[in-house]
Amino acid sequence: MKIAKSKIVNIYLFLLIFYFFTNYIYQIQAPIIIALGGIFILCIGFSKLRKEINYTDILLILFPMFLTLEIFLNANNITDASKFIVVIWVLTLSIILLSKENLKENQTNIMNFIILLSGIHVLMTLLYVIIPGFVQNINKIILPIASYNNNVYEMQHNHINCGITPIQSINAIYISVFIGCIFSKWICKKGNKIINIGLFILGMIALFLTSKRGVMIAVFVAILFVLMYLHIKDKNKKSNIIKTIKKVFPIILIVIILIFLIERYFKTASYIFERFFTQEDITTGRADLYVIVWKYIKSSPIIGHGLFFTQEILNTYAHNIYLQLFCETGIIGLIIFLIMNISVFQKMCIIKKIKDERVILAIFFFIAFLVYGFTGNPLFDYSIIIPYYLSISVINNKKFMNEEKKINDKEQG
């Protein structure tokens, strides 16, 4: 019996999302992405791609093509580089194929699935402050011993709340996805407004508890970007300025309420303010890394030193995906990556009538990912790269392009 493509799409999305929110438990990353993506690509096929390929698809494909060429030009850490390139190839092809499929309205179930899984991490992060023993007992069961020890150490010594994950960055990313989901429902007027605002506040408190400044800044920038984007796309800007103020004012009010709640009831969350204003090195060592990376950039600016070269010289990532790409793939690789994202941004600008919460969430995380890339390693983290590529697939989806074409045809008619 032949399975409908819509079911294949939904099964793939459900499994990929489940992997994204649980991979830290079983710690199998690249093989799962490759297996799921490979099966999906084989099931869907390339028939639509040959007919409907666009310039954004070509630029998306150009990125892994150059990375593949790069491994021959700079044979450096071949094992990790090859694994990374295969993952990028699989994700690229799968999200391009996803963008050719019509997104059905019943994919609300997928949105609810994301809220459920991300909401669990928000809840556990909040409970870690109230009943830490309960959360640590759960962590003993689900986390490998090394991950559990790191989780407890971060909480007890650094006041960093990792929830039920091994490290603060992935916990903060999960929470940011929850915030993006609730924010998109709020903006699109889906569900009860009071409940959405309440959940949004809880999500923000949980994010503060992680003390992950880079993700927090990225979330605030993404929220402001979406609000400005929606206002710019509103053709009746002058008549709807009051509506825009009504959308911005609650955000400002929520920030004020958050600061009050955090100072009064969540003392450990206020540690993030101390990290901002009392640390001698606000970059927590990143500036030193950037100096070293820049030195190597200058020695080979065109084609770089090869993928994962920074791990050899720093014993860690560069904590800036743009500098790391520049160092490892040269100016050519960096430009290809930037042009690829600019193309996606242009697609985003084509969509004028945005009433779909999936589009808002996609724009939110796409911007948050690029902003977080200035201080984090999201492009090179198999745990974080999934929602970035899924966001691109939504922004580049033909459903929203077709809707925009219909709108333009009506206006011209």
Side-chain angles (χ1 to χ4, degrees), residues 20-21 114 118 121-122 125 160-163 165 167-184 186-187 200-230 248 251-252 254-255 258-259 262 269 271-273 275-277 279 282-287 289-290 317-325 337-338 340-342 344-345 348 359-392 394-395:
F20 167 61
F21 283 108
I114 295 173
S118 60
H121 289 87
V122 170
T125 302
I160 290 173
N161 189 329
C162 300
T165 71
I167 54 176
Q168 65 175 150
S169 59
I170 189 62
N171 190 37
I173 289 294
Y174 291 154
I175 293 169
S176 71
V177 171
F178 177 83
I179 291 170
C181 287
I182 301 303
F183 175 67
S184 63
W186 178 10
I187 290 295
F200 183 84
I201 291 173
L202 290 176
M204 292 300 292
I205 291 174
L207 184 59
F208 272 87
L209 286 168
T210 67
S211 295
K212 189 63 179 175
R213 297 169 298 173
V215 176
M216 186 189 73
I217 292 171
V219 165
F220 277 115
V221 171
I223 289 172
L224 291 175
F225 177 88
V226 170
L227 291 174
M228 288 188 296
Y229 177 80
L230 291 173
V248 175
I251 303 292
I252 298 172
I254 284 171
V255 171
L258 274 173
I259 293 172
I262 287 168
Y271 178 66
I272 195 168
F273 298 114
R275 295 185 73 206
F276 264 119
F277 302 114
Q279 278 186 328
I282 196 171
T283 68
T284 55
R286 285 175 173 80
L289 297 179
Y290 298 161
Y317 291 100
H319 290 279
N320 183 308
I321 61 174
Y322 309 103
L323 280 179
Q324 184 162 340
L325 275 174
F337 179 73
L338 293 176
M340 178 186 87
N341 284 286
I342 290 170
V344 176
F345 190 88
M348 190 195 318
V359 179
I360 299 296
L361 176 60
I363 294 173
F364 169 89
F365 199 86
F366 177 73
I367 297 300
F369 179 93
L370 295 179
V371 173
Y372 179 48
F374 284 101
T375 58
N377 319 301
L379 182 65
F380 302 95
D381 191 328
Y382 298 132
S383 302
I384 302 175
I385 199 173
I386 299 294
Y388 165 68
Y389 271 97
L390 288 178
S391 297
I392 293 175
V394 173
I395 295 169

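All values reported here derive from a predicted model rather than from experimental measurement.
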**Message:** Within the 4.5 Å heavy-atom criterion, are I360 and L230 side-chain neighbours or not?
**Reply:** yes
**Message:** Within the 4.5 Å heavy-atom criterion, are F374 and L323 side-chain neighbours or not?
**Reply:** no
**Prompt:** What heavy-atom pair brings P378 and F369 nearest, and what distance separates the two atoms?
**Reply:** CB-CE1, 3.2 Å
**Request:** Give the C-alpha distance, both sets of side-chain angles, the deciding distance and a yes or no for side-chain contact (heavy atoms from CB on, under 4.5 Å) between T125 and F208.
**Result:** CA-CA 10 Å; T125 302; F208 272 87; over 6 Å; no
**Message:** For T210 and V215: C-alpha separation, side-chain torsions, deciding distance, then whether side-chain contact (heavy atoms from CB on, under 4.5 Å) applies.
**Reply:** CA-CA 10 Å; T210 67; V215 176; over 6 Å; no
**Prompt:** Atom CD1 of I217 and atom NZ of K212: how far apart are they, to the nearest 0.5 Å?
**Reply:** 10.5 Å
**Any F20 side-chain heavy atom under 4.5 Å of I173 side chain** = yes
**Asked** Can you check whether S184 reaches F365 side chain to side chain, under 4.5 Å on heavy atoms?
**Response** no
**Request:** Would you sort out whether L227 and I223 count as a side-chain contact (heavy atoms from CB on, under 4.5 Å), showing the intermediate values?
**Result:** CA-CA 6 Å; L227 291 174; I223 289 172; 4.2 Å; yes
**Complete:** Taking every heavy atom of I170 against every heavy atom of S383, the minimum-distance pair comes out as CD1-CB, 3.5 Å
**Y388 versus N341, side-chain donor and acceptor atoms under 3.5 Å** = yes
**Message:** Rounded at 0.5 Å granularity, tell me how far CG in N161 sits from CG in L207.
**Reply:** 11.0 Å
**Request:** Evaluate the side-chain proximity of Y317 to Q324: yes if any heavy-atom separation is below 4.5 Å, no if none is.
**Result:** yes
**Message:** Measuring from atom CE of M204 to atom CE of M216, what distance do you get when rounded to the nearest 0.5 angstrom?
**Reply:** 7.5 Å
**Complete:** Separation between CD1 (I395) and CZ (F366), nearest 0.5 Å, reads 5.5 Å
**Prompt:** Are the side chains of L379 and Y322 in touch, meaning some heavy atoms are under 4.5 Å apart?
**Reply:** no
**Message:** Does any part of the side chain of F21, heavy atoms only, come nearer than 4.5 Å to the side chain of V177, both counted from C-beta?
**Reply:** yes
**Audit row: I363, F225, side-chain contact (heavy atoms from CB on, under 4.5 Å) steps and yes/no** = CA-CA 9 Å; I363 294 173; F225 177 88; 3.8 Å; yes
**Item:** Minimal non-hydrogen separation, I114 against C181, with atom names
**Value:** CG2-SG, 3.5 Å
